[in-house]
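Below is one structure, written out as structure tokens; the observations come after it.
This one's a predicted model, so the numbers in the text were calculated from it and none came from an experiment. Atoms within each ligand, like the ligands themselves, are counted from 1 in listed order.
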Amino acid sequence: MEQMEIAKGIYSVGAVDWNIRDFHGYSTHNGTTYNAFLIVDEKIVLIDTVKKAFSDQFLDNISTIIDPKKIDFLISNHTEMDHSGGLPRVMHRIGEDKPIYCSKMGEKNLSKHFPQKWNYRAVENGSTLSLGKRTLQFLETRMLHWPDSMFTYLVEDKILFSSDGFGQHYAGPEKFDDQVGDAIMPHAKKYFANILLLYAAKTLKLVDTVKEMGLAFHMICPDHGIIWRKNPQRIIDAYVEWSEQKSAKKVLIVYDTMWHSTEKMAEKIAEGAAREGVEVRPMNLRHCHRSDVMTEVMDARAIVVGSPTLNNNLYPTVSDFLTYMKGLKPKNKIGAAFGSYGWSGEAAGMIQSELEGMKFETIDPGLKIQYVPDPEEIDACIGFGRKIGKAVKDG
Ligand code: FEO
């Protein structure tokens, strides 16, 4: 993807990372992009930079439009290094004294990332900055998803530069939502599930604030993935829906297995739940990445977690998943635990405690089976699945 004029005098100048497959523990099967935007008005402004490794390409992109030295100032919507890593090279090229507009927390965070004494200009929530013919307005979005996060709104063009908000880890030849169509939504959902779910309540509050301000959007430009131009409201509505954390009648069974006994239990629990007429999705953590599982957690009413007992403990992949899910704080869930064991059998109880700690309504007690399930125990698994399926069906 090369630089492109996305509206008159407004250019997308970021970089495509086709090959990244692990974004701090999030599986990016389609790579990602680090979007940044150049506005050429009476003043020339650059909104965000890119990951350090893409700095040269980024400056080349800008150079095809203007001499980077002509940039009057930068805006940093968010400090995380995928958007600020390019700052040292960019500042060196455009002039170390050029102002960097950011939130108050942005100034603190950038100063903790970079030793350079740059010319920071901390902005207030709602404050504006004239570019000549156009005006930028800053909107603090604290903890969406960092303390420094803010959006920048181009008032006359009604374009929102939304930093990580409304993004997707998606690298493709397309630049806009209408070029990808519905296929972009699973990427946006996965992004929300893994980056923003924890801040669902703040997201709803932000959407309300934006409504109260009466802001309209002709285009939403996130820092990752495609730009929303055909129907920006679609992604706002999706964020509201995801933030409300309403569940479908769906049972998600997440597990790992050593000698296939816990796997057999998972299959039979799935069979039992399906008999109650609810949607069932088993996911083996050895084959499914935690971030893909987390996407399925979003609309599942029941999260059923299974682990064999290994050395008096949880299987490591299950422990990893529980830690990850706990951090993202999904709400309104039914939880259930199961697992096979050889002699000590702690795993199911440990899962149960974790799920209770996450304030899930647990199906008590968890189901544990020694060694290999016999026909009676297989029936018990089906019965356990039916109990979970019924709880989901009944709400
Ligand atoms: Fe895309 Fe929070 O950085």
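Figure legend: Lys333 and Phe360 shown without cation-pi pairing, the cationic atom not lying both under 6.0 angstrom from the six-membered ring centre and within 45 degrees of its axis.
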Sequence neighbours left out, cut at 3.5 Å: what donor-acceptor pairs do the side chains of residues 387-395 make with other protein atoms?
from: Lys390; atom 1: NZ; to: Asp394; atom 2: OD2; distance (Å): 3.1
from: Lys393; atom 1: NZ; to: Glu276; atom 2: OE1; distance (Å): 2.9

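By the 4.0 Å N-to-carboxylate-O rule, Asp299 lies close enough to Lys189 to be salt-bridged with it.
In this structure, Lys98 places its NZ atom where more than 12 heavy-atom neighbours from other residues, nucleotides or ligands lie under 6.0 Å away.
Taking the six-membered ring where the residue is Trp, Tyr371 and Trp343 present tilted rings, their angle falling between 30° and 60°. Ring orientation note: the planes of Tyr239 and Phe166 are tilted relative to one another, at an angle of 30° to 60°.
Protein N/O/S atoms found under 2.8 Å from atom 2 (Fe) of ligand 1: His78 NE2, Glu80 OE1, His145 NE2, Asp164 OD2.
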